[in-house]
Amino acid sequence: MDKYEGMDAVVHEPTEAFAESTNVAAFMREHGIDDYEELIYRTTSDVAGEPASGVDWFWDAVVDHLDLEFYTDYDTVRADAERGSAGDRTGSGDDAGGPQFSDWYPGGEINVAHNVVDRHAAVDSPNRNRVALIWEGEPGDVREITFHELRRQSDRVANYLTEAGIETGDTVGLYMPMVPEVVSILYGCLKVGAIAVPIFSGFGREATATRIDDAEPSVLFTGDGFYRRGDEVRLKTTADDAIADAGQVEEAVVYDRLGATPAGGGDDAGGRTDASDDADADPVPWNDDRDRTWEEAVGSQPSAYETKHLPSDQESMLLYSSGTTGEPKGIVHTHAGVLTQCAKEIHFGFDQKPADRFFWVSDIGWMMGPWTLIGNHAFGGTVVMYEGAPDHPEPDRFWELIERHGVTQFGISPTAIRALRKHGDEWVEDHDLSSLRILGSTGEPWDPESWRWFYDAVGGGDCPIINISGGTEICGCFLMPMPNQPLKPCTLGGPGLGMDIDIVNEAGESVKRSGERGYLVARDSCPSMTKSLWSGDERYLEEYWSTWPDVWDHGDFAQRDEDGFWFLHGRADDALNVAGRKVGPAEVEGVLIDHDAVNQAAAVGAPDDTTGTAVVAYVVLEPDAEPSDDLREELRAVVGEEHGKPFRPRELLFVDAFPKTQSGKVIRRAIESVHRGEDPGDLSSMENPEAIDALRDAA
């Protein structure tokens with residue numbers, strides 16, 4: 001029945017030559033570290049009699065090792081920050097905190113923009129004319145931007161923001177299509193000390209307005225639209241509606257992607273890429289008192305700006321959680337924190353080399369967008385960015401893009417891989433993917449079959465899958481395997497370097513037995529951990545630090561097997577509590593996806609008079625499989641065999657597709673809400689709204 005056997009066995013074993021060539025191996029040699037276990041121990045624990053150990057030691061050593069540049073050296077690695085009353089965003093007051101309010105690199109002055117663009121664009125830098133960004137639009141248009149060009153454009157953005165009255169600590173909104181200019185906007189904000197507020201381009205009116213209302217930006221960058229599955233998606237109308245609901249925005253700068261704005265762009269200042277020949281396209285709505293074209297606002301600005309020297313803890317970005325439960329949380333990041341974390345993970349976890357070309361499927365509005373840019377550009381690396389849908393015009397769009405641009409690192413969500421696998425191996429086999437060195441994934445748990453397909457079909461059985469998990473709250477990863485270690489299917493390896501991570505039971509005690517499930521927690525801070533929430537300290541402490549004393553509760557179900565490999569089983573608050581026993585939805589889904597007939601699965605809970613909660617499963621079949629009562633019963637039975645009879649799905653329903661975001665994540669709350677006959681809430685980020693109707697019909 002299973003396509004693969006031995007899912008608890010090591011599948012990937014790096015060659016000795018590859019392992020020794022990795023960046024993490026070089027760090028280990030420099031510090032006399034012999035193996036992975038010692039590496040994690042030395043970078044997360046204070047070892048008696050060993051001064052070169054512990055979280056603080058590591059976050060000091062890594063600054064020099066990664067060649068991160070401070071304008072002014074920091075006084076110490078970490079100190080307890082002083083906090084004021086709840087809701088005080090300045091951090092002033094008399095109450096010293098613990099790991100909840102660590103002050104990283106106090107006394108230092110830094111700017112992310114200096115590290116990711118200015119120093120690489122300097123006249124004497126070997127990276128000055130290196131390509132910083134390769135961008136491909138969905139219609140096939142391609143642009144390459146060098147670090148020299150990126151600095152000129154970022155400086156124009158900085159000069160515009162200064163002219164618009166933006167000062168250090170002011171917020172600036174980025175509700176932008178995925179075009180090259182979004183990078184210069186982000187870096188221009190950082191140059192002037194503004195707090196960049198990226199907003200997912202797939203959000204509709206309500207979600208966008210909520211973020212604008214909370215962040216209160218006086219300037220919003222947006223665009224006329226973008227291309228998705230061959231169609232024009234208009235962005236400006238949604239931006240106007242959101243501004244009308246939220247207020248706050250005094251000036252909107254509109255980038256001309258579709259050729260629909262009142263004026264186009266020009267040379268390296270950006271502008272229309274002429275992907276559309278529709279001269280009769282409907283013009284975007286325009287407010288003469290508020291709206292300015294990109295060319296008018298930015299293109300005419302001087303291309304030189306003196307980047308500000310900022311304190312280490314100066315806010316750099318305000319990233320919002322997805323908001324799938326409750327009000328979206330505004331995550332506050334700093335210049336020193338976000339730079340060190342992103343650079344560390346790209347350098348060690350993804351083994352960044354000078355000639356690499358790094359492509360991660362994301363949007364600037366999700367954490368992985370800024371993470372990819374900052375982490376790679378810290379080393380003068382090249383990032384590949386794509387505008388459109390993963391299967392347009394054909395299911396091999398990504399494989400074609402990887403081959404065309406020589407991509408070396410490719411990151412994508414498990415759900416997106418499951419959808420692409422459904423189209424068959426031939427779409428992959430037609431392309432030369434030999435440039436790939438490392439694969440990456442994040443966002444949700446894997447099933448073994450899809451993991452193996454990604455490893456074998458896409459990676460050729462040679463590329464390690466760096467499966468990572470952390471979150472917007474740290475703009476990085478709690479768990480991350482290193483490329484020089486062996487891998488089992490679906491594993492996340494173990495704690496990231498410098499991340500003091502543990503698995504605990506409901507009493508907050510470390511889980512000792514191999515294979516025992518528990519809750520993923522952090523026992524210490526890291527430089528990129530949010531300094532608080534934008535809404536204030538009270539909600540920050542309640543959300544993350546209130547379950548156990550001085551322990552960050554991340555909310556994931558985790559497990560460590562007898563060989564020391566870590567695995568996640570989904571969100572703890574999504575756990576299915578059946579007859580007093582808990583199982584993560586991903587564990588049920590994994591069993592179903594292992595079946596030859598199943599491509600995707602989603603497990604949700606439904607009220608049950610006998611067991612309290614019953615499992616309900618929705619299934620998307622492989623193209624050559626047909627739904628039937630016999631198949632339904634067979635699938636119910638395999639879940640019961642694996643997890644026990646109480647977890648056998650009470651109902652199993654066949655559908656053609658799941659509701660997904662444009663970044664490829666399944667919107668499970670929508671599936672559960674539809675099954676229960678409840679309002680699924682804000683679905684403005686949904687890629688395929690028609691899937692909701694299909695779910696209702698199935699239910």
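Model, not experiment: these values are computed from the prediction.
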Can you tell if the side chain of His554 reaches within under 4.5 Å of the side chain of Glu473, non-hydrogen atoms only?
yes
Ser450 and Ile593, any side-chain heavy atoms less than 4.5 Å apart:
yes
Quick one: do Arg539 and Glu542 make a salt bridge, cutoff under 4.0 Å?
no
Evaluate the criterion side-chain contact (heavy atoms from CB on, under 4.5 Å) for residue pair Leu520 and Trp566; output intermediate values, then yes/no.
CA-CA 10 Å; Leu520 184 71; Trp566 292 51; 3.9 Å; yes
Contacts of Asp563 meeting salt bridge (charged side-chain N to carboxylate O under 4.0 Å, His left out) (sequence neighbours excluded), chain-then-number -> Lys488
Those residues at least two apart in sequence (or on a different chain) that pass ring-ring contact (aromatic ring centres under 6.0 Å, His included) with His347 are His65, Phe379
Arg418 bridged to Glu449 by N-O distance under 4.0 Å
no
Within-4.5 Å side-chain heavy-atom neighbours: Tyr320 and Phe200:
no
Do the non-hydrogen side-chain atoms of Pro51 and Trp57 ever get within less than 4.5 Å of each other?
no
Between Glu345 and Trp371: side-chain donor-acceptor atoms closer than 3.5 Å
yes
Minimum side-chain heavy-atom gap Ile40-Met482 below 4.5 Å
no
Are His333 and Leu319 close enough that some pair of their side-chain heavy atoms sits under 4.5 Å apart?
yes
Verify the distance criterion only: is there a donor paired with an acceptor across the side chains of Ser441 and Trp451 at less than 3.5 Å?
no
Any side-chain heavy-atom pair from Ile671 and Pro659 closer than 4.5 angstrom?
yes
Would you check if Asp556 and Phe478 make a side-chain contact, meaning some heavy-atom pair closer than 4.5 Å?
no
Regarding Thr44 and Asp500, do their side chains bring together a donor and an acceptor under 3.5 Å, going by distance alone?
no
Only residue of Val591, Val615, Val638 satisfying side-chain contact (heavy atoms from CB on, under 4.5 Å) with His643 is Val591
